[in-house]
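Remarks on the structure that follows.
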Amino acid sequence: MSRAEVVIDLDALRHNVSLLVERAGGADAMAVVKADGYGHGAVRVAKAALEAGVSWLGSCSLDEALTLREAGITAPILSWLDGPDCDMSAAVDERIDIGVSSVEQLRPLSGARVHLKVDTGLSRNGCPLESWPDLVRAAAASDNEVYAVWSHLACADDPGHPSIDEQAKRFGEAYDIALAAGLEPKRHLANSAATLNRPDLHFDMVRLGIAMYGLNPLAQEEDLRPVMSFRSEVALVKRIRAGESVSYGQTWTATRDTTLALVTAGYADGVPRLLSNRMDVLLAGARRPIRGRVCMDQIIVDCGDAAVAEGDEVVLFGSAARGEPTATEWAETIGTIDYEIVTGMYRPRVRRRYLG
Ligand SMILES: *Cc1c(COP(=O)(O)O)cnc(C)c1O
């Protein structure tokens, strides 16, 4: 194996997609593959997700959408966030649907199929309700096909949060305004969390992200399998005596004689330096602690008196079911979300290997 690698289990992805498509009931399912498929590889993820039952793909930018087309993918794609200078002509030529949040965004899209996005409470992209009637009128008068009205939830991962029902209410109002203007759009609102716990918000399509990658946005138990694992190997094994310290700053000192394993993955490979002295790896059948500071290219693992050898595989994160630390554990330890951990694993030095 290479010194550090990300392993992407496409069978796990297919399993998750099947489960989520079933939970979506009669609604269509979109696989969101923005940011290179949350760091998993957009093209491989898109193809596997289509095999497992999604009918749509979602990307952040037209560039990302075109990468999917160039790979031979013909499924419908929705792209929703390009700047005003982007040349949108490919939207028509390559049949990419575009998310539209304003009348200005509609203008360069002559002939394109669009999804009108209403801001129902995220205050990010999406058209504010005050200007929504103008956008709807402009779209109805244009040569664009309006495929759907859509919006995005702010707190779907916090079931019972009052904003969810409030956003759903505003979404309904926006839809009624579109109907009154003579449009007959479909509707989509749900992300992974709402797919899993708000069947009343599935409408015509759900947009699947994090749960498809096997990370659960909710506290409720779900049979999701992490798709990404992060692996490395032992490059050197050494014995140190009680009283010896480890790594830069000597922030950890052995209280007894112990065996250290040097592992070839550091913060340049995606191991946050904030995990110094705060995380385990799976090595030689057990979870063992990282000692001292995470370095640019390496970490040091305390193996006690266990038999470890150069070349032994090390799992930095993967699946709790296999006894491995998880991306979610990393995130909780350093105060972020697992989305950021996996998305941050796209690094030139880290090889990506596919299973399944
Ligand atoms: C990223 C994204 C999603 C997927 O969200 P998850 O929480 O990962 O399921 C859905 N819709 C939009 C508009 C997004 O940007």
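Not measured: the values here are computed from a predicted model. One-based numbering, in listed order, for ligands and for the atoms of each.
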Arg239 side chain to Thr259 side chain, donor-acceptor N/O pair below 3.5 angstrom
yes
Let's go through Asp87 and Ser89 carefully: what are the C-alpha distance in whole Å and the side-chain angles of both, what is the deciding distance for side-chain hydrogen bond (donor to acceptor under 3.5 Å, both in side chains) to 0.1 Å, and is it a yes or a no?
CA-CA 6 Å; Asp87 172 9; Ser89 55; 2.9 Å; yes
Donor on one side chain, acceptor on other, Asn144 and Ser110, under 3.5 Å:
no
Knowing that exactly one of Phe230, Tyr339, Tyr213 qualifies, which makes a ring pair (Phe, Tyr, Trp, His ring centres under 6.0 Å) with His40?
Tyr213
Check the pair Arg69, Asp93 against salt bridge (charged side-chain N to carboxylate O under 4.0 Å, His left out), reporting the backbone distance first and the verdict last.
CA-CA 11 Å; Arg69 283 284 179 263; Asp93 299 344; over 6 Å; no
Give every pair formed by an N or O atom of ligand 1 and a protein N or O atom closer than 3.5 Å, one pair per line with both atom names and the distance to 0.1 Å, or write none.
residue: ligand 1; atom: 7 (O); partner: Tyr339; partner atom: OH; Å: 2.6
residue: ligand 1; atom: 8 (O); partner: Tyr38; partner atom: OH; Å: 2.6
residue: ligand 1; atom: 8 (O); partner: Ile210; partner atom: N; Å: 2.7
residue: ligand 1; atom: 9 (O); partner: Ser192; partner atom: N; Å: 2.8
residue: ligand 1; atom: 9 (O); partner: Ser192; partner atom: OG; Å: 2.5
residue: ligand 1; atom: 9 (O); partner: Gly209; partner atom: N; Å: 3.2
residue: ligand 1; atom: 11 (N); partner: Arg207; partner atom: NE; Å: 2.8
residue: ligand 1; atom: 11 (N); partner: Arg207; partner atom: NH2; Å: 3.4
residue: ligand 1; atom: 15 (O); partner: Lys34; partner atom: NZ; Å: 2.6

Between His152 and Leu189, which heavy-atom pair has the shortest distance, and what is it?
N-CD1, 4.0 Å
